[in-house]
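Structure, as structure tokens:
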Amino acid sequence: MSANGSGEGGNGVRADSEAFVVGGLPVPPELAGLIRAGKWVSPATEVLRRIFDDEPVQPCFYSESVLVRENRDWHTETDPVWLGDPADERNEGIVPGRSLSIADLGPDMPVMLDYRESLTAPRVLYMNDTIWMQVAANFGEFLALLYGDESG
């Protein structure tokens with residue numbers, strides 16, 4: 001891995017024109033473009049409250065290097081506290097090796113891309129307390145929620 005975070009390998013980042021891969025999972029091209037343009041930033045607190053139905057503490061939308069670092073450890077997570085209780089039907093649960101952490105609203109408030117159903121259109125999940133909940137059916141829908149002009 002080079003000093004700038006690019007390079008090839010299992011948990012590294014591989015440049016693929018505009019998109020890149022982290023831990024074997026493709027980062028959606030829209031997200032890769034926003035990150036590289038410096039536009040993957042947290043919207044206003046009111047927008048986050050509306051989308052996540054939670055109070056953001058210190059929102060952080062990850063740069064490319066932070067995204068790589070956060071997911072290196074995440075992909076080997078086994079603590080049941082983070083995986084979700086499959087007996088709780090309200091809980092979407094999560095599989096670390098099939099998800100990418102892309103942001104957080106504060107400590108222990110992760111926002112994830114969930115690739116269990118699709119490698120090209122991952123769902124967006126958020127951990128609210130100990131429950132994983134779907135925020136958007138895909139990343140495009142999530143972008144519209146974050147940055148769309150629907151706040152009327």
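Everything quoted here is computed from the prediction, not taken from an experiment.
The backbone N or O of S99 lies less than 3.5 Å from a partner atom in the side chain of H75, making a donor-acceptor pair. In this structure a side-chain-to-backbone donor-acceptor pair under 3.5 Å is present from N138 to G140. Without hydrogens or angle criteria, W132 side chain to M112 main chain gives no donor-acceptor distance under 3.5 Å. Side chain of R49 to backbone of E55: no donor-acceptor contact under 3.5 angstrom is found.
Among all heavy-atom pairs drawn from V47 and L145, the shortest one is CG1-O, 3.8 Å. P56 approaches T45 most closely through the heavy-atom pair CG-CG2, 3.7 Å. The two residues L113 and P28 come nearest to each other via the heavy atoms CD1-CD, 3.5 Å. In terms of heavy-atom proximity, I35 sits nearest to L67 at CD1-CD1, 4.0 Å. Minimum interatomic distance between D54 and N128 (heavy atoms only, all atoms of both residues): OD2-OD1, 3.8 Å.
Annotation: the span from F142 atom CZ to L125 atom CG amounts to 10.5 Å, rounded to 0.5 Å. Between the CZ atom in R98 and the OG atom in S118 there is a gap of 9.0 Å [rounded to 0.5 Å]. Here the straight-line distance linking atom CD of E46 with atom CD1 of I51 works out to 11.5 Å at 0.5 Å rounding. Rounding to the nearest 0.5 Å gives a distance of 11.0 Å between OG of S101 and CG of D73.
Linking Ile, Leu, Val, Met, Phe, Trp and Tyr whenever their side-chain heavy atoms come within less than 4.5 Å puts V124 and L119 in one cluster.
No side-chain heavy atom of T120 sits under 4.5 Å from any side-chain heavy atom of P26. Put simply, the side chain of P43 reaches to within 4.5 Å of the side chain of L48, judged on heavy atoms. The closest side-chain heavy-atom distance from V111 to Y62 is not below 4.5 Å. Side-chain atoms of L34 and F61, non-hydrogen and from C-beta on, never get closer than 4.5 Å to each other. At a threshold of 4.5 Å between non-hydrogen side-chain atoms, the residues L31 and E64 do not count as touching. Side-chain contact between L105 and V57: absent, with no pair of heavy atoms (C-beta onward) separated by less than 4.5 Å.
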Open item on the list: The test is side chain to side chain contact (heavy atoms under 4.5 Å, CB included); show your working for F20 and R36 and say whether it passes.
Closed with: CA-CA 11 Å; F20 59 94; R36 292 203 171 127; 3.3 Å; yes

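With sequence neighbours excluded, no residue forms a ring pair (Phe, Tyr, Trp, His ring centres under 6.0 Å) with W74.
Between W40 and Y147, the ring planes lie perpendicular to each other; the angle is over 60°, past the 30° to 60° tilted range.
Here salt bridge (Lys or Arg N to Asp or Glu O under 4.0 Å) pairs that include residues 104-115, with residues two or more places apart or in two chains, are D114-R116, D114-R123.
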